[in-house]
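Have a look at the structure below before the remarks.
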Amino acid sequence: MRTDRSTALRTHTCGELRGSDEGRTVTLTGWVNRVRDHGGVYFLDLRDRYGVTQVVTRPGEAAAELLESLAALRPEFVVQVSGRVARRPEGMVNPDRPTGEVEVVAERVETLAPSEVPPFVIEDETNAGEDLRLEYRYLDLRRPRLQRIIGMRHQVTMTTRRHLDGEGFLEIETPTLVKPTPEGARDYLVPSREYPGRFYALPQSPQLYKQILMVAGMDRYFQIARCLRDEDLRADRQPEHTQIDIEMSFVDEEDVYGLVERLVARLFTDVLGVGLELPFPRLDYDECLDRFGSDKPDLRFEGEIADFTAAVAGSEFQLFGAAVEQGQCVKGLVVPGGGALSRKEADALEEEVKLAGAKGLARAKVTAQGLETGFGNRLEPDRAQGMIAACGAREGDLIGVVVAERMKANRALGRLRACLAARAAAGAAPGDYRFLWVRHFPLFERDEETGRIAPAHHMFTMPLAEDLPRLESDPLAVRAQLYDLVMNGVELGSGSIRIHRRDIQERVMKVIGLDGETLERRFGFMLKAFQYGAPPHGGIALGLDRLVMQMAGSASIRDTIAFPKTTSALSLMDGAPSEADPADLEELHIRIAPRAARPQEGPGPP
RNA sequence: GGGGUCGUAGUUCAGUCCGGUUAGAACGCUGGCCUGUCAAGCCAGAGGUCGCGAGUUCAAAUCUCGUCGGCCCCGCCA
């Protein structure tokens, strides 16, 4: 690898001088990190992407002209410094910096570009608000922390390219202006100038194209693909995000798992120096929800959901006994050491399960005598012992109990579990990476709004072979060859084996009630392609931004993107989106409808 | 679409409940002093549309309504 970064304006970077360079005459360029003036003796910290090097003047040695130019320096000035590399005097070495052994004794300092006083100080741990940092993103990106993360992202994409190339994949670009897809997320639309009233969409993902590439016989495809969705944002969601998009022909699920495991292991080894244990555990969706209450469990926290339904059946305690009779579940989760929680802390946990739709969280402290609860005296002691046995709680623990329909109870306790996991992870050392595959998701789900059956992933997902016979009779029970890659409670990727057989595709389309005309309009080109010999195929898309976020230990996806948008999809640096020039709109055959005036509700004068 | 929370000096915040003196602190900035710092130190100084608009009041950073923006969450995200 080429390491010489010398250019016309510099001989070395600010990160590479060492004791062995003593005596060398060098020229450095960079940004003024800080200047410390001790009354004629200057210390100048010069910063670039590679590090920080200290530049000094020695008493009596520096010319007046040099001192003058040093006195004029301010933070973030871009300067060029020439001088001689010297070892620092005894006791003056800075062990916190790779260049800390040496300093450059300045002979000449030239300002290449001055700088306004920056709105916030460029240092690793800034306390500047995020909106300000986004407005001045170029200053934010100068911070070593972000430089490190952006560098890590580069290493991840380069390693991905090298690795997939080594496994015979072709990197193929797919279009940015595509056909709108009426189902799924909202599209970003692009008006057509040539065709009044018609629109392109920006791709939500290259899904259809990568499948067509399989039909085209490309066999193995990947792309570092930009995906755009006009949906509301979150801490780990941006309107444009990047996926490592992969598709392979003649494969089954295990082929995809193996490929991704090798790729991810390589990334963690090459980029982080961390070895991962392969293969990752595989867990069926149903079991995953029963045990962890989530389809993306954080396995760093070991606690699992316990089922108390059998233990409390027939109890005189109405909340439990009657619920079981009505076919509901009584499930719970142990909060280790939770017996010491204050009322307020325990209430906060209850709020979590309520957010997931549970009516409440019954709490029981485990003591030497049994369960100490608000309902304890109404729950028979042997049933209380049965609960303790069922969840393995120990003295001092708290058992949180939810009574609800099975999946609702799972979801609620999953939320509680995620909360406990996050709390545990906050105190734990970083570097604990727990991967798993969650597979065999349901093929369909009921659309809560319309009540209709809709594909859980997309309509090209292959059902599990053994479930094919009940496709029509019990579609919601049909599982799919559909999988997520999960790490530490975060979904890093999602994929499936696709339907390549016309007959199965038609049955699936019939179940979701798509008529031929709608189908033709939306997916005609795709179905046509599939009539000309579609190979069995499948793939996955890994969220690059989230992956880098996890590898960098960052809490926000915005740290991993050079120019991210706010949670309201604004770009604070350039002000996008902005209003269009009327002439441009004219050309695009677009007229802006005035926003309907809202009724004034403010208090008027009496 | 909905909820929560925040918006005061260049920055991060206090002050807001309970309206009333000249709106404070730290960092940064400017000037001075200082011969080994690396978060340098010491002294002095400048710096405010209290997000914006309306209302209530003798009086609004403070109360009310609206609005704009940041962050977080629910819905949404095949």
Side-chain angles (χ1 to χ4, degrees), chain A residues 33-47 52-62 67 71 74-75 88-97 99-100 103 116-136 139 181-187 204-205 207-208 227-239 241 351-352 354-357 415 441 443-445 447-449 454-461 480 482 491 494 496 512 522-523 541 543 555-556 558 565-568 570 572 598-606:
Chain A
N33 204 38
R34 274 200 174 81
V35 187
R36 294 176 294 278
D37 169 9
H38 285 251
V41 175
Y42 285 89
F43 297 92
L44 162 61
D45 286 341
L46 201 59
R47 179 191 71 234
V52 177
T53 298
Q54 175 165 285
V55 177
V56 296
T57 58
R58 294 251 166 99
E61 290 178 17
L67 295 179
R74 295 289 178 272
R88 295 193 185 188
E90 190 126 358
M92 304 302 164
V93 167
N94 183 347
D96 298 332
R97 259 182 215 165
T99 63
E103 56 196 9
E116 298 284 321
V117 176
F120 53 91
V121 179
I122 314 300
E123 56 192 359
D124 233 0
E125 291 307 319
T126 181
N127 58 1
E130 191 163 13
D131 47 344
L132 192 74
R133 288 165 41 209
L134 287 175
E135 184 182 347
Y136 295 93
L139 299 181
T181 48
E183 88 297 348
R186 275 189 287 270
D187 285 319
Q204 297 176 22
S205 80
Q207 184 64 41
L208 301 184
C227 304
L228 303 106
R229 293 170 193 178
D230 190 4
E231 292 292 347
D232 290 350
L233 308 179
R234 289 284 191 283
D236 61 353
R237 258 194 249 159
Q238 281 274 302
H241 74 283
E351 281 311 307
E352 287 295 328
K354 281 184 173 172
L355 277 171
R415 203 179 160 94
F441 281 69
L443 182 62
F444 302 111
E445 60 192 11
D447 186 318
E448 293 297 337
E449 272 176 36
H457 187 57
H458 60 59
M459 55 172 274
F460 306 108
T461 302
L482 175 53
E491 179 198 319
S494 189
S496 64
I512 57 183
R522 294 181 184 178
F523 304 113
S556 167
R558 294 183 291 272
K565 293 184 171 52
T566 67
T567 46
S568 52
L570 294 175
L572 295 181
R598 288 190 193 181
Q600 288 296 317
E601 290 173 2

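Order of the sequence lines sets the chain letters (A, B, ...), proteins ahead of strands, with each chain counted from 1. Everything numeric in this text was worked out from a predicted model, so none of it was measured. What's counted below: heavy atoms across the whole structure, side chains too, no hydrogens, waters or symmetry copies.
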Could you check how far [atom1] of [X] sits from [atom2] of [N], rounded to whole Å?
| X | N | atom1 | atom2 | result |
| --- | --- | --- | --- | --- |
| A:Gln54 | B:rA40 | CD | P | 11 Å |
| A:Arg234 | B:rG3 | CZ | C1' | 11 Å |
| A:His241 | B:rC77 | NE2 | P | 14 Å |
| A:Asp37 | B:rG36 | CG | C1' | 13 Å |
| A:Glu231 | B:rG1 | CD | C1' | 12 Å |
| A:Glu125 | B:rA39 | CD | C1' | 13 Å |
| A:Met92 | B:rA40 | CE | P | 16 Å |

Confirm from the modelled atom types if [X] and [N] form a donor-acceptor pair under 3.5 Å, side chain to base only.
| X | N | result |
| --- | --- | --- |
| A:Arg237 | B:rC77 | yes |
| A:Asp131 | B:rG7 | no |
| A:Arg36 | B:rC34 | no |
| A:Asn94 | B:rC38 | yes |

Is any side-chain nitrogen or oxygen of [X] closer than 4.0 Å to OP1 or OP2 of [N]?
| X | N | result |
| --- | --- | --- |
| A:Arg58 | B:rG36 | no |
| A:Ser568 | B:rG70 | yes |
| A:Arg415 | B:rC74 | yes |

For this session: Measure from the side chain of A:Leu570, starting at C-beta and using heavy atoms only, and say which of B:rG28, B:rG70, B:rC72 lies closest.
Result: B:rG70

For this session: Can you figure out which of B:rC34, B:rG31, B:rG36 approaches the side chain of A:Arg74 most closely?
Result: B:rG31

